[in-house]
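As structure tokens, the structure follows; a few thoughts come after it.
Order of listing sets the numbers, starting from 1, for every ligand and every atom in it. Note that these values count all heavy atoms, side chains included, but never hydrogens, waters or copies made by symmetry. Residue numbers start at 1 and run along the sequence shown.
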Amino acid sequence: MTAPVPTLPLSPAYAAGVAARVHEVRDRIAAATARGGHGQSVTLVAVTKTHGPDAVQAAFAAGVHDVGENRVQEAEQKRAGLLDVPVRWHLIGHVQRNKARSAISFDLVHGVDSQRLAEALHEAARADGRQCDVLVQVNVSGEASKYGLSATELPALVDRLHALSSLRVRGVMTMAPFDAPEGTLREVFSRARACADVVRAAGHDASVLSMGMSGDFEVAIEEGATHVRLGTILFGARAG
Ligand SMILES: *Cc1c(COP(=O)(O)O)cnc(C)c1O
């Protein structure tokens with residue numbers, strides 16, 4: 001184990017830029033929530049993948065308490081230098097079963113898309129004597145390139161998840177097709193909302209609907225999203 005990297009002083013200009021974008025995005029979130037009429041409260045998850053620890057610091061300084069990363073290893077390195085920044089860490093990307101032991105240290109694992117991954121997370125959490133909060137990832141657009149369960153596969157899986165006592169199923173996550181027309185986005189997001197209803201009807205304490213990225217978060221919120229995962233709009237384009 002290497003020693004935690006000391007946190008660098010945050011550049012005031014960088015922090016001010018991130019804060020301005022966070023404020024603008026919060027206004028747009030509020031407007032979309034009002035238009036949608038679902039009455040939900042919306043959590044802004046700032047996606048800091050490929051950006052340095054200063055992105056997390058700047059987001060936190062701007063009042064953001066939820067941070068998303070899609071790779072376990074990159075997140076662990078970043079977190080080691082940010083032990084004094086009390087954010088909730090979301091694992092938003094695809095999770096490999098051999099990363100389950102690391103994945104359970106996240107506050108919410110968004111990408112549970114199979115029974116085998118769920119079992120691996122449950123075993124890791126049980127061995128650690130803790131509970132792991134998860135979302136079931138659904139693929140309601142049928143795109144072959146996306147991870148996630150179809151609406152048809154969902155009920156059987158969520159039933160079986162009751163047996164995994166170290167997992168708490170909190171809801172559903174989905175990704176819409178990139179650059180799809182608004183009508184398609186709306187269809188995908190409302191089908192994901194129906195999937196969240198299925199999870200609740202199966203008896204899970206599931207109130208989370210994680211959907212919406214920089215290009216489509218307003219439509220997602222209008223269709224009921226409770227968590228939007230925003231990277232580019234807050235931090236600019238990613239290097240890789
Ligand atoms: C990168 C990523 C995001 C953020 O995407 P932006 O378009 O940069 O806002 C959201 N969700 C997941 C799963 C991601 O991998």
- Task: Apply salt bridge (Lys or Arg N to Asp or Glu O under 4.0 Å) to Asp128 and list each qualifying residue two or more places apart in sequence or on a separate chain.
- Result: Arg130
- Would you please say whether a donor-acceptor pair under 3.5 Å links the side chains of His90 and Asp107? no
- Task: Under 4.0 Å, heavy atoms only, figure out whether ligand 1 is touched by the backbone of Leu230, its side chain, both or neither.
- Result: backbone
- Query: Which residue supplies the protein heavy atom nearest to atom 9 (O) of ligand 1, what is that atom called, and how far is it?
  - Reply: Ser214 OG, 2.5 Å
- Query: Can Arg238 be said to touch ligand 1, with heavy atoms closer than 4.0 Å?
  - Reply: yes
Can I get a per-line list of side-chain donor-acceptor pairs under 3.5 Å for residues 154-165, giving both atom names and the distance, sequence neighbours left out?
residue, atom, partner, partner atom, Å
Arg160, NE, Gln115, OE1, 3.0
His162, NE2, Ala202, O, 2.6
His162, NE2, His204, NE2, 3.4

- Query: Going by atom types only, do Ser207 and Arg170 share a side-chain donor-acceptor pair under 3.5 Å?
  - Reply: no
- Query: In Å and rounded to the nearest 0.5 Å, what is the CZ to OG distance from Arg21 to Ser214?
  - Reply: 11.0 Å
- Item | Protein contact of atom 12 (C) of ligand 1 - nearest heavy atom, named by residue and atom, plus distance | Ile92 CD1, 3.5 Å
- Query: Taking atom 2 (C) of ligand 1 as the point of reference, which of Arg229, Met213, Lys49 owns the nearest heavy atom?
  - Reply: Lys49
- Message: What I want to check is whether the side chains of Ser150 and Glu153 have a donor and an acceptor closer together than 3.5 Å.
- Response: yes
- ligand 1 atoms nearer than 4.0 angstrom to some heavy atom of Gly231 are 4 (C), 6 (P), 8 (O), 9 (O)
- For atom 8 (O) of ligand 1, which protein heavy atom lies nearest, and how many Å away is it? Thr232 OG1, 2.5 Å
